[in-house]
Novice: 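Here it is, the structure, as structure tokens.
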Amino acid sequence: MLNKSQIQQCLDVMEDMFPDAECELVHKNPFELVIAVVLSAQCTDALVNKVTKDLFKKYQTPEDYLAVSLEELQQDIRSIGLYRNKAKNIRKLCEVLMEQYNGEVPRSKEELEKLAGVGRKTANVVVSVAFNIPAIAVDTHVERVSKRLGICRWKDSVLEVEKTLMRKIPEHEWSNTHHRMIFFGRYHCKAKNPNCDTCPLLDICREGKKRMKT
DNA sequence: AACTCGGGGCA
DNA sequence: TGCCCAGAGTT
């Protein structure tokens, strides 16, 4: 298992590898951020951005989304996977925002997670990006990279991975951790091809050392 | 813990 | 063509 300084070293190397790894979502307001992240489940950012460009021109508030039919909203996000469910979730979410939060986005993870289509990962992204609250959003990339490197155990659940990262990484690094690991996982330490032969973390990585032996 | 949703991107 | 993808909800 990696210690704290080894993990910090990993994060530093990842930052060197992908210096422009920053969230494209920072410029969005909290409400748009919620919508964008709900849409992004199981599909790429590029695809989501293509849809939100027009979507955010047409809809600015929760009321705007409730003013059209479900079918119309579904058509507006049709090019994204799982678009039927996502449209339903967005409508439910907007109803709750209007009824319970005066049309505003709640500022706590607990409240956010209760919203339709918002799970733990989405809630963490929203609080960290929109409200500057330290959080580590664990998606499949963060999970895979953490497990391969040896930051956590292979059998750990997503929640356990998040807890371990929070315990071993200083709080001020939490929000950055997500984006560094995402880029590292997406472009280098890929699910099928970890690219160990060109990896600068090979001498630290648990899985990498194992792979290079065989 | 396993299953489902799902169109687009990419090999 | 076939496989995979910045997850969440249900059983």
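Every value quoted in this text rests on a predicted model; they were computed, and no experiment measured them.
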Novice: Rounding to an integer number of Å, can you tell me how far R144(A) CZ sits from dC5(C) C1'?
Specialist: 11 Å

Novice: Just how far, in rounded Å, is C1' of dA8(C) from CG of L93(A)?
Specialist: 13 Å

Novice: Return the value, rounded to whole Å, for the distance between atom OH of Y187(A) and atom C1' of dC4(C).
Specialist: 15 Å

Novice: Taking the side chain of K192(A) as heavy atoms from C-beta outward, which of dC4(C), dC5(C), dG7(C) is closest to it?
Specialist: dC4(C)

Novice: Counting only side-chain heavy atoms from C-beta out, which of dG9(B), dC5(B), dA6(C) sits nearest to L47(A)?
Specialist: dG9(B)

Novice: Once you apply a heavy-atom cut-off of 4.0 Å, does G81(A) come out as touching a base, just sugar-phosphate, or nothing?
Specialist: base

Novice: Hey, what's the ring geometry for F184(A) with F18(A), parallel, tilted or perpendicular (30° and 60° as the breaks)?
Specialist: perpendicular

Novice: Do any side-chain nitrogens or oxygens of T44(A) fall under 4.0 Å of OP1 or OP2 in dG8(B)?
Specialist: no

Novice: Can a side chain N or O of R84(A) be found less than 4.0 Å away from OP1 or OP2 on dG6(B)?
Specialist: yes

Novice: Given atom CD1 of I77(A) and atom P of dG7(C), what is their separation to the nearest angstrom?
Specialist: 16 Å

Novice: Would you measure the distance from the P atom in dA8(C) across to the matching atom in dG8(B) and give it in whole Å?
Specialist: 22 Å

Novice: For dG8(B), does either OP1 or OP2 sit under 4.0 Å from a side-chain N or O belonging to R78(A)?
Specialist: no

Novice: I'd like the C1' distance from dA6(C) over to dA2(B), given in whole Å.
Specialist: 22 Å

Novice: Decide yes or no for F183(A) and P19(A): does some side-chain heavy atom of the first lie under 4.5 Å from some side-chain heavy atom of the second?
Specialist: no

Novice: What's the NZ-C1' distance between K88(A) and dG7(C), to the nearest Å?
Specialist: 17 Å

Novice: Take the protein atom CD1 of I80(A) and the nucleotide atom C1' of dC5(B), then report the distance between them rounded to whole Å.
Specialist: 14 Å

Novice: Which part of the nucleic acid, if any, lies within reach of A137(A) when heavy atoms closer than 4.0 Å are counted: base, sugar-phosphate only, or nothing?
Specialist: nothing

Novice: How do N85(A) and K50(A) order along DNA chain B: which one's closest nucleotide is nearer the 5' end?
Specialist: N85(A)

Novice: Could you check whether L115(A) gets within reach of a base, just the sugar-phosphate, or nothing at all, counting any heavy atom under 4.0 Å?
Specialist: sugar-phosphate

Novice: With no hydrogens and no angle check, is any side-chain donor or acceptor of N85(A) less than 3.5 Å from a backbone partner on L82(A)?
Specialist: no

Novice: Which atoms form the tightest heavy-atom contact between Q6(A) and M1(A), and what is the distance?
Specialist: OE1-O, 4.2 Å

Novice: Mind checking if V37(A) touches a base, just sugar-phosphate, or nothing, with heavy atoms under 4.0 Å?
Specialist: nothing

Novice: Please tell me which of the listed nucleotides, dG6(B), dG8(B), dA6(C), lies nearest to the side chain of Q42(A)?
Specialist: dG6(B)

Novice: With respect to the side chain of K121(A), which nucleotide from dG8(B), dC5(B), dA6(C) is positioned closest?
Specialist: dA6(C)

Novice: Closest approach to the side chain of L82(A), judged atom by atom: which nucleotide of dG9(B), dA6(C), dG7(C) is it?
Specialist: dG7(C)

Novice: Rounding to an integer number of angstrom, what distance separates dC4(C) and dC3(B) when you compare their P atoms?
Specialist: 15 Å

Novice: Just checking F31(A) against Y59(A), ring centres under 6.0 Å apart?
Specialist: no

Novice: Side chain of T122(A): nearest nucleotide among dA6(C), dA8(C), dC4(C)?
Specialist: dA8(C)

Novice: Can you see which heavy atom on M181(A) is nearest to which on S146(A), and at what distance?
Specialist: SD-OG, 3.7 Å

Novice: Please state how far atom CD1 in I90(A) lies from atom P in dG7(C), giving the value in whole angstrom units.
Specialist: 16 Å

Novice: Would you indicate which nucleotide in dC4(C), dA6(C), dG6(B) comes nearest to any side-chain atom of D139(A)?
Specialist: dA6(C)

Novice: Which sits closer to the 5' end of DNA chain C, C43(A) or K114(A), going by the nucleotide each is nearest to?
Specialist: C43(A)

Novice: Rounded to whole angstroms, how far apart are NZ on K86(A) and P on dG6(B)?
Specialist: 9 Å

Novice: Salt bridge check: are K210(A) and E207(A) linked by an N-O gap of less than 4.0 Å?
Specialist: yes

